[in-house]
Amino acid sequence: MPNFQGSGFAMELPDDCKDASAYTFVLPESNGFAANLTVRFEPAIDVSDLKERVNAALEILKANVVDFVLLNQVAGKRGPHSGVMSNFEWGAGETRMRIKQYCIMTTGDEPRIYTLTASDLAINADRSTPVFNRMMKSFVPNQGQLF
């Protein structure tokens, strides 16, 4: 049985168990909202074009939220991995959200797509964006805890 080490806990898991964790890290509250960064991952089954996949997801979001605006998007490589960084906003007034999303697709025997999503109120973005940039820049996929 593989052992899983979480934040302040550990547990044994059956051999056929898959890790589908999502991790959320929260910054101090500002203007009634706690900015957060969520990291999730999924198998990259049948994904040949990461940017195309990201844009398809953004189109779904755009159809379901108010006043969606894609501020910018950059696609490229980070080492051997493909990546897409998207910055967008949605909503109105003081509750307008600013989202920075970084998707990276790993290579290897079990390719994965990691999605890092940083969320804050647009009015707080000047404060939280530099923090999120440092967090995302430090993100490194590795083989630790894979089972």
Donor-acceptor side-chain pairing of N55 and Q73 below 3.5 angstrom: yes
Looking only at heavy atoms, which two atoms of [X] and [Y] are closest? And how far apart?
{"X": "A75", "Y": "V84", "value": "CB-CG2, 4.1 Å"}
{"X": "L70", "Y": "S86", "value": "CD1-CB, 4.3 Å"}
{"X": "S119", "Y": "F132", "value": "O-CZ, 3.9 Å"}
{"X": "S21", "Y": "F4", "value": "OG-CZ, 4.1 Å"}
{"X": "I123", "Y": "E94", "value": "CD1-O, 4.1 Å"}
{"X": "Y114", "Y": "P141", "value": "CE1-CB, 4.1 Å"}

Identified side-chain hydrogen bond (donor to acceptor under 3.5 Å, both in side chains) counterpart of K100 within the set D120, N133, T117, N72: N133
Hey, what do you get for [atom1] ([X]) to [atom2] ([Y]), rounding to the nearest 0.5 Å?
{"X": "E89", "Y": "I99", "atom1": "CD", "atom2": "CD1", "value": "9.0 Å"}
{"X": "I113", "Y": "T106", "atom1": "CD1", "atom2": "OG1", "value": "8.5 Å"}
{"X": "C103", "Y": "K51", "atom1": "SG", "atom2": "NZ", "value": "12.5 Å"}

Residue pairs involving residues 72-100 (criterion ring pair (Phe, Tyr, Trp, His ring centres under 6.0 Å); sequence neighbours excluded): F68-F88
Step-by-step side chain to side chain contact (heavy atoms under 4.5 Å, CB included) determination, M11 to N3: CA-CA 6 Å; M11 66 172 39; N3 289 314; over 6 Å; no
Checking the side chain of [X] only, and the main-chain atoms of [Y] only, is there a donor and an acceptor separated by less than 3.5 Å?
{"X": "E52", "Y": "A56", "value": "no"}
{"X": "R96", "Y": "A122", "value": "no"}
{"X": "T129", "Y": "D126", "value": "no"}

L27 side chain near V131 side chain, heavy-atom distance below 4.5 Å: yes
Aromatic plane relationship, F139 with Y102 - under 30° parallel, 30 to 60° tilted, over 60° perpendicular: perpendicular
Audit row: E59, N64, side chain to side chain contact (heavy atoms under 4.5 Å, CB included) steps and yes/no: CA-CA 9 Å; E59 284 299 318; N64 289 287; over 6 Å; no
Lys/Arg-Asp/Glu bridge criterion (N-O < 4.0 Å) met for R53, E42: yes
For residues 28-37, please give each side-chain donor-acceptor pair under 3.5 Å, one per line with the distance, not counting sequence neighbours.
| unit_1 | atom_1 | unit_2 | atom_2 | d |
| --- | --- | --- | --- | --- |
| S30 | OG | N124 | OD1 | 3.4 |
| N31 | ND2 | N124 | OD1 | 2.5 |
| N36 | ND2 | A34 | O | 3.4 |

Shared hydrophobic cluster for M85 and M105 (ILVMFWY, side-chain gaps under 4.5 Å): no
Heavy atoms from other residues, nucleotides or ligands near CZ of R40 exceed 12 (cutoff 6.0 Å): no
